[in-house]
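Working notes for the structure below.
Fair warning: this is a prediction, and the values are worked out from it, not measured in the lab.
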Amino acid sequence: MASSSSSVLNTGSGASLTDPVRYPVSASSPVRTKRAFVLVLLTLLVPGSAQLVAGDRKLGRTALRITLCVWAILLLAVVLLLLDRSMVISIVTNPVTSLVLVVLLAALALGWALLFLNTLRLIRPVLLAPKARPAVGIALVVALVLGSGSMGYAAYLLNVGRNAIGNIFSSGPAIKPVDGRYNFLMMGGDAGDDRTGRRPDSLSVLSVDAETGQTAIISVPRNFQNAQFSEGSPMRALYPDGYNCGDECLINAINTEVTNEHANLYPGVADPGAQATMEAVSGTLGMQIQSYVLVDMQGFSTLINAMGGIRIKAGGWVPMSGYFDETTKTHGMPLGWIPAGDQTLNGDQALWYGRSREYVDDYSRIQRQQCVQQAMLKQLDPTTLLSKFEDIASAGTKVVESNVSSAQLGSFLDLAIKARGKDVKRLTIGPPDFDPSFSTNPDFDQIHERVDQLLAQASAKGAQSAGIPDDGTAVPAAGAGHVQAAGSIPATLPTGGNAAQQPSPSDFTPVTTTPDGEPITEEMLTQLKLEGNEEAIRQLVATNGQCRPL
């Protein structure tokens, strides 16, 4: 009888019916509760293992094989990140491979969710003590969200990024570095109802060393005259001696003119105006610019808000200007003020900070624009990007247009990672690096010389051969003026392109008081505006071009 009972209690595989893991009916209530939590944990940490020990072994083995394959792929990805980071980024950003990844992640998330449901069946909640059921249910839901939910959300974010990349970047061929550098034209402007076409308010070239990521920013004033078109530009046939039709031929008017009158010169080009502007900046600076990125300033604030704002140290008060009276040639009462000192700017404030030129000249505005650009580059860290990825990607599709190839985005993102923490060199084709009249009557040989100096200093090899300090600060060439390190603002404007060594980025002190020591307040500035004392305001905000990112 005992022998017969023993044979009944044993399965063909040797597992006892009294095994509490596979047969919980015979287990005590505490053991059943412990078993339930263990199965949930196994499904979360090693999907398929719960089924292997307590359920359908065939399902468990299949799920476990998939789990091991995923772990192997993740391990391979980590190794590749260490050995060839740009390859991994390129795979993730490539339109085809990213779609495959989205489908695989979604399938894995669904399969994992089904395993959790199967685990719930294996737990058999009816066998649990009434008080244990809610705790086990909550644990399973939490594990489901952590595991399957996280993987599903990763698939969603990857798809959001994939769509954003497709909307922003082109599908054209990849570009190669020129003299070891990638050169991009950054244009910021509006296409509002009161404007004909898109006239860039800001023009900046980002030149990035293809090996180190060392970056230089070259700003071209929007009122620059006699811009030279590069060789091979269709516009060079119309303006062989430069864009020199007088005061109306400012460099920022090229975009509108080409868009409205000469688009036929650029067959097959998505944005002829942007292409022609890129060729003008390229010829003016004497460097080959391969791609452009155009930022619509009307949507710029959306991107800043998506980042959670930007942090800067402001040298002086900046007005958020009111309406402009064409008769008196003055602005109305400012809509608000951005104070001097350490500030966190939201999107609307950052937009005004980079655009306002009331009481100061365009060159102060250019300095602030450079500062905003650097703050965005510096503060768009991986944590911010991951935590706000959906908002940033969504804002980017509304703000940014570019002819950069999406196939090359991986290598450029890799360069951006390398560039983090490196000092950014910068040069302005106007004050403080040239005198105020230079942009009206430019000396192109001098511009090319200064650009060559800047790029040499922004190159690892060039910096070593020139004896530039390791801290990245720029060293002025004798008799050629200075190349400004990121964030540094001169105490006085140089003339004729010559200047003494400038202070370091941290040297300027925000102007927060009047010469008499009275604190500058919004109420004070408003009262001066009401009194019509524009000159007093001009003196109090004269240093608002000083800025550095925090």
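More than 12 heavy-atom neighbours from other residues, nucleotides or ligands sit within 6.0 angstrom of CG on N533. Within 6.0 Å of CD in E531 there are more than 12 heavy atoms belonging to other residues, nucleotides or ligands.
By the side chain to side chain donor-acceptor pair (under 3.5 Å) test, E535 is found to be paired with R538, Q539, residues two or more places apart in sequence or in another chain being considered. Residues passing the side-chain contact (heavy atoms from CB on, under 4.5 Å) test with V511 are I520, T543, sequence neighbours excluded. With sequence neighbours left out, S437 forms a side chain to side chain donor-acceptor pair (under 3.5 Å) with D435. Residues satisfying the salt bridge (charged side-chain N to carboxylate O under 4.0 Å, His left out) criterion with R365, sequence neighbours excluded, are D362. Every residue meeting the side-chain contact (heavy atoms from CB on, under 4.5 Å) condition with D443, not counting sequence neighbours, appears here in chain and number order: F438, D445, Q446. Among residues two or more places apart in sequence or in another chain, the salt bridge (charged side-chain N to carboxylate O under 4.0 Å, His left out) test is passed with E534 by K529. The side chain to side chain donor-acceptor pair (under 3.5 Å) check on H262 picks up E257, with sequence neighbours excluded. The side-chain contact (heavy atoms from CB on, under 4.5 Å) check on E518 picks up T514, M524, with sequence neighbours excluded. Every residue two or more places apart in sequence or in another chain that forms a side-chain contact (heavy atoms from CB on, under 4.5 Å) with S321 is listed here: P319, H331, W352, S356, E358. Residues that satisfy the side chain to side chain donor-acceptor pair (under 3.5 Å) test with E279, not counting sequence neighbours, are S233, Y266, Q275.
Evaluated for a side chain to side chain contact (heavy atoms under 4.5 Å, CB included) with I254, the options V281, T259, T277 yield exactly one hit, T277.
Legend: side chain to side chain donor-acceptor pair (under 3.5 Å) pairs involving residues 334-346, not counting sequence neighbours: none detected. The ring pair (Phe, Tyr, Trp, His ring centres under 6.0 Å) pairs that include a residue from residues 212-248 are Y239-Y243, where partners are two or more places apart or lie in different chains.
In plain terms, the two heavy atoms of A314 and F508 that are nearest each other are C-CE1, 4.2 Å.
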